Participant: 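Supplied in structure tokens, the structure appears directly below.
Sequence positions, counted from 1, serve as the residue numbers for this chain. A quick note: this is a predicted structure, and the numbers were derived from the prediction, not measured.
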Amino acid sequence: MVSNTARSRGRPRASENALSKWIDGSGRTREQVAKALGVTKASLDRYCRGERTPTLGAALAIEKVTGGAIAARSWLRRPS
């Protein structure tokens with residue numbers, strides 16, 4: 001039986017990072033953001049889940065597309 005109640009799109013996210021939060025608040029789809037960044041949606045999804053770190057070029061594109069809200073340096077790994 002199908003419920004008439006509204007439900008959110010997609011699966012619930014296990015974790016969110018600044019990029020996924022920015023996308024959610026931007027009013028853009030992940031497909032649109034991926035295209036603007038010049039990456040595949042699959043790559044963007046991996047960045048958002050923290051499974052993959054963007055290349056320097058992708059990190060700079062993220063900074064540009066987000067208007068500086070997510071700095072390229074935020075993707076740098078810091079030594080422990």
Participant: For the CG atom of Asp45 and the CD atom of Glu31, what is their distance to the nearest 0.5 Å?
Facilitator: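 It is 8.0 Å, given to the nearest 0.5 Å.
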Participant: Please check if the side chain of Ser43 supplies one atom and the backbone of Val39 the other of a donor-acceptor pair under 3.5 Å.
Facilitator: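 No; judged by distance alone, with no hydrogens or angles, the pair does not exist.
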Participant: Find the distance between OG1 (Thr66) and CZ (Arg28) and round it off to the nearest 0.5 Å.
Facilitator: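 Output value for this atom pair is 9.0 Å.
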Participant: Kindly say whether Ala72 contributes a backbone atom to a donor-acceptor pair with the side chain of Glu63 at under 3.5 angstrom?
Facilitator: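 The answer is yes, because a donor-acceptor pair under 3.5 Å joins these two groups.
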Participant: Taking Arg49's backbone N and O only, do any of them form a donor-acceptor pair with Asn17's side chain (distance below 3.5 Å, no angle check)?
Facilitator: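 No, because the side chain of Asn17 does not come within donor-acceptor range (under 3.5 Å) of the backbone of Arg49.
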Participant: Locate the shortest heavy-atom distance separating Tyr47 from Pro54; write the atom from each residue and the value.
Facilitator: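 Closest pair (atom of Tyr47, atom of Pro54, distance): CE2-CA, 3.5 Å.
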Participant: Any side-chain heavy atom of Ile62 sitting closer than 4.5 Å to one from Trp22?
Facilitator: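 No, side chains not in contact.
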Participant: Please report the shortest heavy-atom distance between Gly27 and Gln32, naming the atom on each side.
Facilitator: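 Of all heavy-atom pairs spanning Gly27 and Gln32, the closest is O-OE1, 4.5 Å.
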Participant: Just how far is it from atom CD1 of Ile70 to atom CG of Leu19, taken to the nearest 0.5 Å?
Facilitator: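 Result: 4.5 Å between the selected atoms.
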Participant: Quick one: NZ on Lys21 to OG on Ser26, what's the gap to the nearest 0.5 Å?
Facilitator: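 Here the interatomic distance stands at 14.5 Å.
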Participant: Indicate yes or no: at least one non-hydrogen side-chain atom of Leu44 is less than 4.5 angstrom from one of Ile23.
Facilitator: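 Yes, their side chains come closer than 4.5 Å.
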